[in-house]
Amino acid sequence: MFKRKYLIVFFFSVFCFKYSLSANFLQQDADVNHIKQQIEDSKELAYEDFPGALKSLKLAYSSSITINDSLLTGEVLYAFGWIYYIKGKYDESLSHFLDALVIFRAIKKEVGIAKSLIGQGLVIQAIDRHKEALEVFDQVLNIYEKIESPELTGAVYINQGISYLELKDYKNAEEVLDKAFKVAQKYDLTGIKHHYYNKAGEVAFQNGNYKRALAFHQNILKDSADANSWEKSYAHAGLAQTYLKLGASNRAEKSALQSIVYAQRSESLWDLERNTAILAEVYAAQKNLKKAYAQLKINQKYRDSLYDIKTAQQVNIMQLAEKELENKRLNSEVLLRENELVQTRLQLFGLILLTGLLLLVLFLLWKNSRQKEVFTEELRHKSELIQRNHEIILKRNIALDKLNANKDKLFAIISHDLRSPILSIQQLLTMSDAKMISSKDTKYLNDELKKQVDGTLMMIDNLLQWSHSQLDGVLVNPIAVDLPSAVLNVLEIYRAAANFKDIKIEVDEPDFIPKIKVDAGHLSVILHNLISNALKFTHKGKYIFIKYEIEEDYVNLIIIDQGTGISKGKLEELKRSQEQILSKLGTAMETGTGLGLMMVKQFLELNEAKLDITSNPEEGTEFRISFKKD
């Protein structure tokens, strides 16, 4: 019985705790919803009942502190900043926007950060620092792009349009306002549409498109049920100034009076100042000077009030930035000095006039001298250009003469080298017809003749490649090439020639060789010539060694032959000359034109590769070719 009693007490306690916890959660949810409603109420009241809006927000702030909800506290502070901004209380507005920003950054709420930055931008905009405001709005657009919230960008574009309007940059103003309208249409944002119509009407008015301006402002009044007093005030003011430009002063008067009525409802000093000024202009256009003067007096009152408020708030805002205070001090000093100079200006006027005339004369003299210098410099430049062109033409003529000389020499060499294998073929055919050659001799002669024909074909291939390179320059198409594969492909072609001379080719290839960057066609010509040269000058029964070295930026191909070598004088000539150098006979009496090595050097240069040759007569030659890594 005792245990049963305590068990009942335990379950009853759990039930009470659970009920209490549920009740607390329900109560907190109710408080949160109530605070959100108070924030929304304050926004609705901001234009029509400013004290009521403040009262609603103060209650919301106390409740958010009580339930310890940082996000809601930040939203309340942001709402404070907004309604203070609407009423032109910029110091209070900025203070609350900054407090909200601190909270939103602490809880990493990107949307809240963006809203608070918009608030700061609006305050900066209100004190005519529009370039800084545009920079702040750009930060906000970056945040919205980051969190993928394009529906929030409409208000930012509207604010940018306002700053561009104040900067008289109507082209950019129209561009960003169009962006805002597209967002408003896509997401059905009535408030953004209203702002767009008013600001787009202002742009059209400034651009002199008055009919378009009327259409924009009238769109607000067509949507009268949803538009608030501030939007209607702005629309009527826009209509008034547009009608005035069109000469319809009576309609302008009616719209101006309506704009003042709505401005009084929204208690906006800025709108009252603007609208009374427009009405004064309307009365002046109607020649009703009495009413115009009366409105000017009212306008001056609002201007003075705005000036006093704005000045006081600017001082409070500028206390947040030491730099702004320093600028204010410097401006004050400048004004003081200008006031001190006023008394002496009349006395100095004559001297200034005389000095101005003297400076004008000096300027004309300087300008005349400068024009002479410019003319002289132009003449010198043109003379230098003519001289350079003359030198270029002279060099081209020399090159052309050299090319013609090379052509004549080339034709002479080719005619000789082509004649030799053709005569050999003719003699062989003649002897064969006369049955003067045995089958054994025929095989030997065929081998010899084949070597001559192969050499001649190589010479013709080189000639064709070289001739192509002389036509309008060589086209270079560098690609990534596997050098060892290219070398092996060429070696296969010369394997029979090596076997014929009993020459052994040894290739030492590392495990990994990076690809090189080179024109594949050029590489083929380079490898064919260097390997055929190595075979040509290597003694029978000797070796040709092929190795690779890898450097930081280059892959080196090294071809070493055990051949006749090159004399020191001939080696210097090969390195220095870019022209054809006649080739000596090979170890098996092979002939050549010397054209191949000339093409090798040209193609290496076109592919930003390097060639180094070392040789010892009767011992052999080493060709080191360095290709750039891919």
Closest heavy-atom pair and its distance - [X], [Y]:
X      : Y      : result
Ala498 : Leu535 : CB-CD2, 3.7 Å
His522 : Leu606 : CE1-CD1, 4.3 Å
Ser615 : Thr621 : OG-OG1, 2.9 Å
Gly74  : Phe104 : C-CZ, 3.4 Å
Val140 : Ala114 : CG2-O, 3.7 Å

If you define the side chain from C-beta out and look only at heavy atoms, does anything of [X] sit under 4.5 Å from [Y]?
X      : Y      : value
His381 : Glu378 : no
Leu134 : Gln160 : yes
Val507 : Leu491 : yes
Leu611 : Glu605 : no
Ile625 : Leu530 : yes
Asn159 : Ile162 : yes
Lys542 : Ile503 : no
Ile113 : Leu101 : yes

When Ser163 is tested against each of Gln125, Arg129, Lys131, Glu132 for side chain to side chain donor-acceptor pair (under 3.5 Å), which residue passes?
->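 Answer to the side chain to side chain donor-acceptor pair (under 3.5 Å) test with Ser163 among Gln125, Arg129, Lys131, Glu132: Gln125.
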Between the side chain of [X] and the main-chain N/O of [Y], is any donor-acceptor distance below 3.5 Å?
X      : Y      : answer
Asp630 : Lys517 : no
Asn607 : Val518 : no
Asp69  : Leu72  : yes
Thr376 : Lys372 : yes
Asn368 : Leu364 : no

Only counting residues at least two apart or in another chain, list the ones meeting ring-ring contact (aromatic ring centres under 6.0 Å, His included) with Tyr78.
->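 Listed in chain order: Phe97.
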How would you list, by chain and number, every residue that makes a ring-ring contact (aromatic ring centres under 6.0 Å, His included) with His96, sequence neighbours excluded?
->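 If we apply the ring-ring contact (aromatic ring centres under 6.0 Å, His included) test to His96, skipping adjacent residues, the hits are Phe80, Tyr84.
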Would you mind listing every side chain to side chain donor-acceptor pair (under 3.5 Å) that reaches into residues 502-515, with sequence neighbours excluded?
->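 Of all non-adjacent pairs touching residues 502-515, none passes side chain to side chain donor-acceptor pair (under 3.5 Å).
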Residue Tyr543 excluded, over 12 heavy atoms near OH under 6.0 Å =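 Incorrect, the count does not exceed 12.
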Counting only heavy atoms not in Arg388, do more than 12 sit closer than 6.0 Å to its CZ atom?
->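 Atom CZ in Arg388 is crowded, with more than 12 foreign heavy atoms closer than 6.0 Å.
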Residue pairs fulfilling ring-ring contact (aromatic ring centres under 6.0 Å, His included) with at least one residue in residues 109-156, sequence neighbours excluded |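 ring-ring contact (aromatic ring centres under 6.0 Å, His included) check on residues 109-156 returns no pairs.
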Could you pull out every donor-acceptor pair under 3.5 Å between side chains of residues 546-556 and any protein atom, sequence neighbours left out?
residue: Glu549; atom: OE1; partner: Arg624; partner atom: NH1; Å: 2.7
residue: Glu551; atom: OE2; partner: Asn556; partner atom: ND2; Å: 2.9
residue: Asn556; atom: OD1; partner: Ser626; partner atom: OG; Å: 2.6

Going through the distances and angles, do Lys610 and Leu604 end up as a side-chain contact (heavy atoms from CB on, under 4.5 Å)?
-> CA-CA 6 Å; Lys610 299 183 289 187; Leu604 285 173; over 6 Å; no
Contacts table for residues 169-182: side-chain donor-acceptor under 3.5 angstrom, sequence neighbours left out:
residue: Asp169; atom: OD1; partner: Asn172; partner atom: N; Å: 3.3
residue: Asp169; atom: OD2; partner: Asn172; partner atom: ND2; Å: 2.7
residue: Tyr170; atom: OH; partner: Gln206; partner atom: OE1; Å: 3.3

Go through the steps for Ile192 and Val183 under the test side-chain contact (heavy atoms from CB on, under 4.5 Å), then give the verdict.
-> CA-CA 8 Å; Ile192 300 300; Val183 173; 5.9 Å; no
Among Leu527, Asn533, Val525, Ile526, whose side chain to side chain contact (heavy atoms under 4.5 Å, CB included) with Val600 holds?
->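 Considering Leu527, Asn533, Val525, Ile526, a side chain to side chain contact (heavy atoms under 4.5 Å, CB included) with Val600 is found only for Ile526.
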Straight-line distance of [X] [atom1] to [Y] [atom2], nearest 0.5 Å:
X      : Y      : atom1 : atom2 : result
Asn142 : Ile147 : CG    : CD1   : 11.5 Å
Asp561 : Glu622 : CG    : CD    : 10.0 Å
Ile505 : Phe545 : CD1   : CZ    : 11.0 Å
Thr153 : Leu189 : OG1   : CG    : 9.0 Å

